[in-house]
Amino acid sequence: MMLPQVAKVIVDVPVKDTDRPFDYLIPESMRAWLEVGSRVGVPFGHRTVQGFVVGLQDHPSPGGMRLKSIQEVLDVVPPLSPELVELAQWMSQRYACRFITALQVMVPTALKGKAERYISLGDPADRTEEEDDYSLVRVVAEPTKEAKTIMAYVAQKGEVPAQQLSRLFPDSAETIKTLLRKGILQENQSIKDKLQKKTLKAVDLAVEAHEAEAALPDFPAKAQRQREVLQFILEMKELLPLPLKEVLTTLQVSAATVKGLADKGFIAIEDVEVFRDPYRGRRFKPSEPLRLNDEQQHAYDSIRDTLDASRHGVFLLHGVTGSGKTEIYLQTIQHCIGQGRQAIVLVPEISLTPQMVERFKGRFGDQVAVMHSRLSGGERYDEWRKIREGKVKVAIGARSAVFAPFDRIGLIIMDEEHETSYKQEESPKYHARDVAVRRARQHGAAVVLGSATPSLESYHAARSRANDEFAPLLLEMKRRALGNELPTVQIVDMREELKEGNRSMFSRSLHQALGIRLERGEQTVLLLNRRGYSTFVMCRSCGYVAGCPECDISLTYHQKSNNLRCHYCGYAEPAPSVCPECGSEHIRYFGTGTQRVEEELAKLFPGIRVIRMDVDTTTEKGSHEKLLKQFRDKKADVLLGTQMVAKGLDFPDVTLVGVITADSALNLPDFRAGEKTFQLLTQVAGRAGRHQLKGEVLIQSYTPDHYSIIHASGHDYLAFVRDELKHRRNLHYPPYCRLILITLSHEQLPLLVRMAENMVSVLQGKARQRGWFGSLDRLTADAFDVLGPVASPIPRIKNRYRFQCMVKWRGNIDAVGLVRESAEQLEETAHNQKLQISIDVDPQMLM
DNA sequence: AGCACGCCGACT
DNA sequence: GTCGGCGTGCTC
């Protein structure tokens, strides 16, 4: 077989000019090791950089320039497979990011190596005779004392990191430079990983077992302890290598004894790599598959049929809170690994709680690897290697676990499919759902998207089944698995409260309900629905909220200029002092902190025990779990917090859930505000009465007539979808079109504004050339429209001004390609490197 | 991104 | 006259 001579390498230099493969010769000795997906160190310009092999060629291209050689192969097992390399290539197109950025997001950060410089003695063969002669006479024959010391040090160490040498001899920079110039010392670069593999001292036989056995009787009397050790090692020979520590403690011998045995040559003491296991020592209660009800059984059967056919298929598992989705995940995974294939489970970062891990570890034991943001770099690397090396069959983790390096994926599960945390906000700005579907297609695998409140994109795709990229099959589960009822939900009109003279943030109903729970010793969850920092203006008398007449999103209040602005289109109006609807003076910008709620609770119910959960109280590692455990142990009457109290928590004694202000997310300047509100209210309502005790939910609102709030209170997802889709269709928002957010930044504002305007006209010009351009109102299949430019919601970051524009498009056109092309053209014609352009395809956060 | 090459001010 | 400022150009 012909081994390839040339490798195509993507180097770790994330800029436009180097965002393409570079060709390198493969030295003979590396040919058998290199694969597509190998990580290598290559000379690049005047330094050594890390790169990934993305292609192999038998011969150098004819007429090509002369090639440099690959310097080193950095891993025995390539960190990526050809499939993942291909996926990264696809991502770079789909999300307009650099190839290297997509490759890098797939491997643990521990493998992001940087070049280290080492100094060693020069190889005499590298020196010309003349130089050699010169150096002998001038430096070696009569070296300064200083040079002698340095050379002796380097000679003794063999190889010294350059940094260390200059630290040790801070005043000898000149001498060292001279020695390097003369070739007496030389500098090498090598890629060094951020992380050491964790090793353990272990003992192993150094001779054949029968040889050792034969030697046993000949041990001198004074070496009986050594004989015992050897005997023990022979007894345990199936388990070798054996941790040294274990031998020492079991036999109660000293390290010197074992060392003596090693000196005799019978055994070897070596460093053995160990896997750090963050869950080591924890017992997981084994769990058995539960009996499925007929809704569950139907969903399970559909997925199983697809697994059995080894066919690609996407399922949208829409099940009310408590309908038993997790059990379906567990049983389909069981079936999948029974087929000899592997499964990936994606969960939102926030719900990767110990309980969640326990459910999977309890069912699948050590066949599970958990990828977790709280793991240290080393722990994460170890979990990743268990997957890469086939030691586990199931990977569970947040967004980036979608890249788990399995080679035979049968099933990818995405729990809480609607969660926005599946979209990465930094480059590569990928959506794990898209990546999951794409990967599954390559593997002939099934995808299960589970949610009680599916995203409008997924639900619409499932219902219309018109989208050829992504058309999930809908599986519905309308009943709770335990057969208990959904809690009753009551909406409290806060405008009425104000009218009746109650200026408190607690309505009379909520106050009363809380009092009852305290008497009965039951628990309450209070949700303060406050997202983001944008402020909107609302009238406390009538609930009026200032919105943009063009975009139908809330206007943002800008204190500096005292006006209201739309950050989609740039519309602005002066901030009102009285409500334009009802003339009331109770109009102001809105927002309440958890701390204020806590204070008020203490005033209303002296002695009440409150656990407050928000960014202030949960930054510390493990504090999240600690607070929840305290609440579970009934150390508090009330759990008060922001969104994080809404997700997946399950407390048997919670019978009341109160939402302080349902409106605050509703009025964020985001077209998904209604969807987010509905999802949050549905989630939090699902927290109450999960077990024997009946639950009650109170939602306080200034806009109680809003369809998001009404339908959430009626547990009516379908009605919500109907209203929301109508709304989206009229205003041309996803899922009826797709968005691309383009953000430009520059130090100088006037220049930036000009370039942003330029960007818009370049986009429009190119779209017009292709016959795409025009308003989405027109009934053409293909459409491409550009809004803006406007100042970004955060108009200045790190001394750079930011402007953005938004592309709305639909149809079978390469809109991302056009945007990318325009951005590159602009960067070139402006020949101003200081301009930065960021492209966000299918953005989730528009603020 | 780095790193080197290259062409103009303040120093022995 | 040299050390070094950071502009600009390239990296198989």
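Below, chain A is the first sequence line, B the second, and so on; all start at residue 1.
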(message) Can you classify the ring geometry of A/Phe784 versus A/Trp772 as parallel (below 30°), tilted (30 to 60°) or perpendicular (above 60°)?
(response)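 Taking A/Trp772 first and then A/Phe784, their aromatic rings sit tilted (interplane angle of 30° to 60°).
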(message) For a quick test of reading the model: is some side-chain N or O of A/Arg117 closer than 4.0 Å to OP1 or OP2 of B/dC3?
(response)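 Answer yes for this pair, as a side-chain N or O of A/Arg117 is under 4.0 Å from OP1 or OP2.
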(message) For a quick test of reading the model: is some side-chain N or O of A/Arg47 closer than 4.0 Å to OP1 or OP2 of B/dG2?
(response)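 Result: yes.
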[atom1] of [X] versus [atom2] of [N]: gap in Å, rounded?
X: A/Arg20; N: C/dC10; atom1: CZ; atom2: C1'; value: 10 Å
X: A/Gln50; N: B/dG2; atom1: CD; atom2: C1'; value: 16 Å
X: A/Lys112; N: B/dA1; atom1: NZ; atom2: C1'; value: 10 Å
X: A/Phe52; N: C/dC12; atom1: CZ; atom2: P; value: 19 Å
X: A/Asp19; N: C/dC10; atom1: CG; atom2: P; value: 18 Å
X: A/Leu56; N: C/dC12; atom1: CG; atom2: P; value: 19 Å
X: A/Gln71; N: C/dC12; atom1: CD; atom2: C1'; value: 14 Å
X: A/Tyr24; N: C/dC12; atom1: OH; atom2: P; value: 5 Å

(request) Tell me which nucleotide among C/dT11, B/dA4, C/dC12 gets nearest to the side chain of A/Asp17. (result)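 When the side chain of A/Asp17 is considered, C/dT11 is the closest of C/dT11, B/dA4, C/dC12.
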(request) Could you check which of B/dC3, B/dA1, C/dC12 has an atom nearest any side-chain atom of A/His46? (result)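 Looking only at heavy atoms from C-beta outward on A/His46, the closest nucleotide is B/dC3.
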(request) Take A/Asp434 and A/Arg738, measure what salt bridge (Lys or Arg N to Asp or Glu O under 4.0 Å) needs, and give me the verdict at the end. (result) CA-CA 14 Å; A/Asp434 303 337; A/Arg738 292 179 52 190; 6.0 Å; no
(message) Is there a side-chain contact between A/Phe403 and A/Val105 in this structure, where contact means two heavy atoms from C-beta onward sitting under 4.5 Å apart?
(response)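 The answer is yes; the side chains approach within 4.5 Å.
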(message) Under 4.0 Å, counting only non-hydrogen atoms across every strand here, what does A/Pro43 touch: a base, just sugar-phosphate, or nothing?
(response)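 The residue A/Pro43 makes sugar-phosphate contact but no base contact.
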(message) Any salt bridge linking A/Glu827 with A/Lys16? Criterion: basic side-chain nitrogen under 4.0 Å from a carboxylate oxygen.
(response)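 Salt bridge absent between A/Glu827 and A/Lys16.
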